[in-house]
Amino acid sequence: MERFKHFFKFLIREELEIQHRLMNIILSVGVFALIVCMLFDFVVGTGARTYWILLLLIFCFLLSLYLANALNKPNAAGVVLSVVCNYFLMPILFFAEGGKESAMPMWLMLGALFTWLIVRGWVVVLIYAGNMAVCAAVLMADYYHPELVSRMTDRKAEYFDYMFAVAGVVLVFGIIFKFQSRIYEQKRKELEQKESELIEVNLNLEKANEAKTTFLARMSHEIRTPINAVIGMNEMILRESSEWDIVNYAQSIETASHTLLALINDILDFSKIESGQMRIIPEEYELYSLLNDCYSMLEMRAKDKGLTLKLDYNKDIPSGLLGDEIRIRQIITNLLTNAVKYTDAGSITFKVDYNKKNDEEINLVISVADTGRGISKEGLEEIFESFKRADERQNRNIEGTGLGLAITRQLTDLMNGSINVESEKGRGSVFTVTIPQKVVSGEPLGAITERVDEKSRTGINYRESFKAPDARILVVDDVPVNYKIVKLLLKNTGIQIVTAESGRECLEKYNSDHYDIVLLDHMMPEMDGIETLREIKKLEKYTKEHTPVIALTANAIQGAQKEYIDAGFDDYLTKPVQGADLERMIVRYLPKELINK
Ligand code: ADP
């Protein structure tokens, strides 16, 4: 008995496909039923012919079991079984066992149904058609040549035969249905379990991602604080030193710290894109200033390397557009920076053109062509992948992380644009970006007259942009070097600066004196910038006076601008803060009567 159980378990083991398992069940139950049939016929006393046929059927079932399991050909076994049983053995039994008055039509029907259960593929339709033809043939033979059929003589045996057939057919189908629903139930439970496992895995992934984002925000904050000190203090050296050597060293520090900053920004952007937090924020902008700024920002760098940067643009491009100007700037700056980086001699052409999509939309086509080192065929396949750099040996001496183009590609995708590159090693490259933009003003761009970009020219010949000796500003930061830098950067404007090292100290000072602007750090221990701002707002309700509060933050990851404006800040500045940016922001919020130009 144990052995039998073991064998049956082997026939319905999980690794087998459901159809295969089902066939094994049918065949084993069939063998058992046929043996019972033989016993029954022995009791009732049918002829030797029936025994032989039943024996043949048993042999056929066992052969199919062997074919399906030992040779692992379940479909072939199904076909052999169906054809042999339904086309030959069953018709013979029909004539031997009493024809249409017997239970044979029921067995014929069972045989035909089995075919559908155990044979797969189009061949089942063929076998079925054959089954029906055989059925029709035997019934017609019964009708036209009743002498061919050996009828049952015993009425009792006839009823017995019927009862036995009903019990057999119902039992077989009962087993099949039970088996199918057990499998279904089992699969459903497995699916449910997998689903809950997946939900848990997802939750863990989300948590890991959140942890990564928080880690990056912290890292960015922690790294920005010292860079703020380096850049700020260095700017003071550049402003105040007249010794050529010192200025030269300070310029190197400036370049290095900006490279470091760009690297942190790239990593932050990359993680924002990866975690799906990068949002495209369309706003109206003037193409003129975008092109001018990008050009003048890179012009100096190109000149320093002995390269010429040419600007070639279509004067008919609509001048006012709607799109994410900041991200377009980032894309152009990435491409121009790469062109300068990877070109040793010759020129870079920054070309801007457009094509009209419809009355409201254009495709802005920006291309950057250089006469530089070019990219090999293999290199071209991976330059848009993150952290991948092409032709490492050739570009060994050039600093880079392999993130710039990956970010550029993702940003263009987010804006429904496209980027492509044509390049030949040793001959140069052309990167072309196409970005759809809405038109706000159809007025043609016209000629761009060069405007000196304040950002890229601050430094040796610094001169403050305004003076405001009567203005009072409260600077709140828990790290002394940070407020010291603000103080130094604004030194020449003559503004009176009061400092506070915590939210609480800020509120005390704010309460006891008047300030024209508050520069408030975000991440501070105990009471952070946002909580402090809330308290300031409560106080404003009583005084009915509004003091502009500007967030001064090293937190650049969380889509900072919107977050700070939503929290109630009037504006925000990111650290490391640049002298020119700081002055521009202050002048915007100071009462006009306090400013002497
Ligand atoms: P990286 O920080 O290395 O410059 P990018 O993602 O900006 O990273 O560029 C990926 C790679 O593509 C670079 O390492 C360089 O091999 C190649 N590349 C990009 N722009 C140019 C170019 N204008 N000329 C030649 N090679 C380029």
Side-chain angles (χ1 to χ4, degrees), residues 216 220 223 227 255-274 278 294-295 297-312 326-352 365-415 417-435:
L216 279 166
S220 143
I223 297 174
I227 302 185
T255 315
S257 42
H258 278 111
T259 308
L260 187 56
L261 196 61
L263 180 70
I264 296 170
N265 286 340
D266 271 1
I267 292 176
L268 282 181
D269 277 346
F270 178 70
S271 81
K272 256 202 240 176
I273 291 171
E274 274 229 304
M278 179 65 87
C294 291
Y295 176 79
M297 202 189 295
L298 266 300
E299 191 205 7
M300 284 301 283
R301 279 185 70 176
K303 249 187 206 155
D304 288 346
K305 257 188 109 174
L307 307 169
T308 37
L309 177 60
K310 297 179 207 158
L311 175 60
D312 171 6
I326 296 176
R327 298 300 168 194
I328 297 177
R329 265 172 203 260
Q330 194 174 349
I331 290 172
I332 298 177
T333 317
N334 274 352
L335 296 182
L336 285 175
T337 310
N338 275 351
V340 174
K341 260 169 48 175
Y342 296 101
T343 304
D344 304 310
S347 63
I348 292 153
T349 309
F350 171 27
K351 193 169 165 194
V352 189
V365 185
I366 299 156
S367 76
V368 175
D370 64 54
T371 56
R373 304 179 177 196
I375 307 164
S376 65
K377 260 200 184 135
E378 307 79 64
L380 280 174
E381 280 166 25
E382 35 190 40
I383 52 172
F384 293 109
E385 285 172 34
S386 39
F387 300 106
K388 285 263 168 76
R389 307 196 65 208
D391 311 316
E392 295 254 21
R393 198 183 290 184
Q394 167 190 279
N395 300 329
R396 218 177 4 215
N397 59 337
I398 295 174
E399 273 180 28
T401 52
L403 274 179
L405 284 181
I407 294 172
T408 305
R409 159 69 134 322
Q410 303 269 21
L411 289 177
T412 41
D413 283 354
L414 281 173
M415 290 192 268
S418 63
I419 179 165
N420 80 305
V421 53
E422 280 168 37
S423 183
E424 205 179 314
K425 213 166 169 183
R427 299 211 143 192
S429 322
V430 185
F431 283 85
T432 308
V433 175
T434 307
I435 309 168

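All ligand and atom numbering here is 1-based and tracks the order in the structure. Only heavy atoms go into these numbers, but all of them, side chains included; no hydrogens, no water, no symmetry mates.
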State which residues pass salt bridge (Lys or Arg N to Asp or Glu O under 4.0 Å) with R409; sequence neighbours excluded, sorted by chain then number.
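Applying salt bridge (Lys or Arg N to Asp or Glu O under 4.0 Å) to R409 gives none.
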Output all residues satisfying salt bridge (Lys or Arg N to Asp or Glu O under 4.0 Å) with K305, sequence neighbours left out; order by chain, then residue number.
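Listed in chain order: nothing, the list is empty.
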Show me, by chain and number, every protein residue that has a heavy-atom distance under 4.0 Å to ligand 1.
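Only N338, A339, K341, Y342, D370, G374, I375, I383, K388, R389, A390, N395, G400, T401, G402, L403, G404, L405, S429, F431 have heavy atoms that fall under 4.0 Å of ligand 1, ordered by chain and number.
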Which residue pairs pass the side chain to side chain donor-acceptor pair (under 3.5 Å) test when at least one of the two sits in residues 418-428, sequence neighbours left out?
S423-S429
Would you call R373 and D344 a salt bridge, using N to O less than 4.0 angstrom?
yes
Before accepting this row, confirm whether a basic side-chain N of the pair E299/K303 lies closer than 4.0 Å to the acidic partner's carboxylate O.
yes
Quick check against the 3.5 Å criterion: does K351 have a side-chain atom that pairs as donor or acceptor with the backbone of A369?
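Absent.
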